[in-house]
There are 2 protein chains.
Amino acid sequence: MSTTPLAATRRATITDVAREAGTGKTSISRYLNGEMSVLSPELRARIEAAIERLDYQPNQMARGLKRGRNRLIGMLLADLTNPYSIEVLQGVEAACQALGLMPLICHAANEVEMERRYLQLLTTYRVEGVIVNALGVREETLRPVGGGGIPAVLVDRSVEGLVADMVGLDNRAAAELGTRHLLEHGFDDIWFVVQPFEQVSSRQLREAAFREVMRGVAGKDEGGQGGARGHTLVLNLADPEAVEHALAELDRAIDAAGRSDGAVANAIDNAIDNVSSSSVGKPARIALFAANAPVALCLALHLKARYGADWQARVALLSIDDPEWAELTGVTTIRQPTYEIGYRAVEFLHERIEGVQTTARDCLLPGELIVRASTSR
Amino acid sequence: MSTTPLAATRRATITDVAREAGTGKTSISRYLNGEMSVLSPELRARIEAAIERLDYQPNQMARGLKRGRNRLIGMLLADLTNPYSIEVLQGVEAACQALGLMPLICHAANEVEMERRYLQLLTTYRVEGVIVNALGVREETLRPVGGGGIPAVLVDRSVEGLVADMVGLDNRAAAELGTRHLLEHGFDDIWFVVQPFEQVSSRQLREAAFREVMRGVAGKDEGGQGGARGHTLVLNLADPEAVEHALAELDRAIDAAGRSDGAVANAIDNAIDNVSSSSVGKPARIALFAANAPVALCLALHLKARYGADWQARVALLSIDDPEWAELTGVTTIRQPTYEIGYRAVEFLHERIEGVQTTARDCLLPGELIVRASTSR
DNA sequence: CTGTTAGCGCATTCAC
DNA sequence: GTGAATGCGCTAACAG
């Protein structure tokens, strides 16, 4: 049996160690803070021994109280269910590790009220900064942070009039990338499916970019992508009834597109039914563009239930985010540089905490298109 | 413009509030702790106003220091990448919410060294308890917790000689359930695939239960499940080379099984080739039993890459854990009561924190078999 | 090089 | 009912 420290009941304090080492608290404190040069080797050894003997561990809370900094930062996540979140988190953790910070992770489970509560809780714990990836990102809820409050950096969202850094995907570029990919592969009936916009700027940006590209090709009648139509479908995942309605609308479109022979035979159809590219009378090649992984999953599950395992023969699916099941099902995706997003967010925050006072910065990282069978057969 | 508090630079303290309200700190403290009955309505109103005006929020750290309890608990997770973890986490969060606790989430990313560091960090922050779901769950690493140290509850793992509660899946029953299911559906060549056992008791238990069931049927020659063979394959996901080797072994078995006509036609094969059920000369119906979701994903990805989208016609896959892609790909699973596991873990911990001193308890919850196309066609 | 002193923000006796 | 005093565990001047 190894030497179990006596202090099984109460943790040793700095005072205990000082007494045990036969010295004052200051020296212990110095030892703890690495000010070795000012300690005689002899004293140092005694302290070391005492700490060992008492199994002493300094109380971070007390340190924080005194120093005014506790090395804690808050990480507010809207939805841990979204693989995006946990990937970003990994970057955050790595950066924290490197910078000696400790992330306090708060999961708001898509509830704005919870976000508010957690934000308050974080300030109450006097975190030195917060990384926010939430829904209710608006000036009022974020009052306590940014600007005059504690340093903050926004992930995947931006809000006007708030002094805070922001890091995330280059949403415009990503949405354009995806839309162009679909157009180039001959899809001419494209549905952009997105959760309710609320205050989430990334959703708005992605949809806007999609719409803009589609508007650009709407006029052109020649070329492979003439007359393509774009639609936006809002899918409120939190409301089953709304989901059902939205999916029903989608089903009608898919059924209509597949009327003549099914989408797989479209190339042939085009050759035969070679009328003008007006969308009437010609079976459209239909594609779904999911604004993120949760939406994509919802769509895929529905389509599989409705059209069977071979659903991808009828509809193409492209998604922003690259969940683990994408490779498995052959769904084309746009992968976000999630790890880097998290890492950079912490770096930004750290700079602000250390007092590097700059104006609010935006860091837009590019997405990577990963073409899979879904859109390329 | 609403009244922005002046204290943009320094947070207000209890002293500020006392001065602002023209009273002593004690009354403020009483107000904060809800001892309303001891405050004159008049003073109470003044305090309320002062707090409002200064946007005062009590410092939890200081409170914790004084009270000796900070309402923080640690949640140590081996692998956030595993959907199991984040589902458990949701239960944990809900329970914490209900009990007024704040979980400090630590992600060890499958590194034992990190687990050690985080455990130390947690004690350093004087958390009131820890919930541990880690790899290196052994007596020595857990020295600081359990027994004489801070209260602890283990999730999905148990370790001898440690005074701590444990809550998790009934691994024996779950593995038996899955194995029996496969046998009943005529699979007679079953591979149990699991990560290296290390200190993880659940892996050991699952494999042991599987092996026991297989041993039970190995002798019987009659009945639909006579002569079925069971194998255990260890898949070290952390080592790509090891994975490759293991998968190659699996491939050989699958190729051998599918030699005559492919697994789908097995019922017919059985009727024609009606020799004794000795496993030679008869194409076996092969099934993979994944010990958890990460393993299942690895297998599925490999099989898809090797045998194409239709891989499930050749091999059946059953997995403990029910990841989001299971429904999408039609893989049979055994779902764990993850949410409840998390919730119960916090409840147990809370009781211990509150001093309910009992002997170590084990809480085994049942898994639910979800039959999908993979094993039932 | 080392020890003494004085708080950090708050809760808790204990008097008034 | 209310407030002044004391100390939680630690750090940061200050002295020696």
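In what follows, chains carry the letters A, B, and so on, assigned in the order in which the sequence lines appear, proteins first and then strands, with residues in each chain numbered from 1. Values in this document were obtained by computation on a predicted structure and should not be read as measured data.
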Sort me out a list of protein N/O and nucleotides 14-16 of chain D N/O pairs below 3.5 Å, or just none if empty.
none

Quiz prompt | Neighbours of DNA chain C within residues 59-72 of chain A, by heavy-atom distance under 4.0 Å | solution = A/L65, A/K66
Quiz item: Looking at residues 20-29 of chain A, who's got a heavy atom less than 4.0 Å off DNA chain D?
Solution: A/K25, A/T26, A/S29
Self-check item: Test item: A/M102 and A/I73 side chains (from C-beta on) under 4.5 Å apart, heavy atoms
Solution: no
Quiz item: Does A/E111 come within less than 4.0 Å of A/R116, counting only side-chain N to carboxylate O?
Solution: no
Practice problem: State which residues pass side chain to side chain contact (heavy atoms under 4.5 Å, CB included) with A/R63; sequence neighbours excluded, sorted by chain then number. | Solution: A/L32, A/N33, A/P58, A/Q60, A/R67
Quiz item: Does any pair with a residue in residues 21-37 of chain B pass salt bridge (charged side-chain N to carboxylate O under 4.0 Å, His left out), and if so which ones, sequence neighbours excluded?
Solution: none
Quiz item: For B/Y56, which contact category applies under a 4.0 Å heavy-atom criterion: base, sugar-phosphate, or nothing?
Solution: sugar-phosphate
Self-check item: salt bridge (Lys or Arg N to Asp or Glu O under 4.0 Å) between B/R157 and B/E198, worked out
Solution: CA-CA 11 Å; B/R157 277 137 180 81; B/E198 317 213 10; over 6 Å; no
Practice problem: Could you tell me whether B/D16 and B/R10 have a side-chain N and a carboxylate O separated by less than 4.0 Å? | Solution: yes
Quiz item: For the atom pair CG (A/N59) and OG1 (A/T13), what is the distance rounded to the nearest 0.5 Å?
Solution: 9.5 Å
Exercise. State which of D/dT2, C/dG9, D/dT11 makes the closest approach to the side chain of B/V38.
Key: D/dT2
Quiz item: B/S40 side chain N/O closer than 4.0 Å to the phosphate oxygens (OP1, OP2) of D/dT2?
Solution: yes
Exercise. Quantify the bending of the helix from C/dC1-D/dG16 to C/dC16-D/dG1 as the angle between its end axes, each fitted on five pairs, to 10°.
Key: 40°
Practice problem: With the side chain counted from C-beta on, respond yes when A/Y31 and A/I51 share a heavy-atom pair under 4.5 Å apart, and no when they do not. | Solution: yes
Quiz item: Donor-acceptor pair, B/T338 side chain versus B/Y84 backbone, under 3.5 Å?
Solution: no
Practice problem: Could you state the atom-to-atom distance from CD1 of A/I47 to C1' of C/dC1 in whole Å? | Solution: 12 Å
Quiz item: Does NZ or CZ of B/R361 come closer than 6.0 Å to the centre of the six-membered ring of B/F348, within 45° of the ring's axis?
Solution: yes
Quiz item: Between A/S202 and A/D156, do the side chains contain an N or O donor and an N or O acceptor separated by less than 3.5 Å?
Solution: yes
Quiz prompt | Residues A/R69 and A/E354 bridged, charged N to O under 4.0 Å | solution = yes
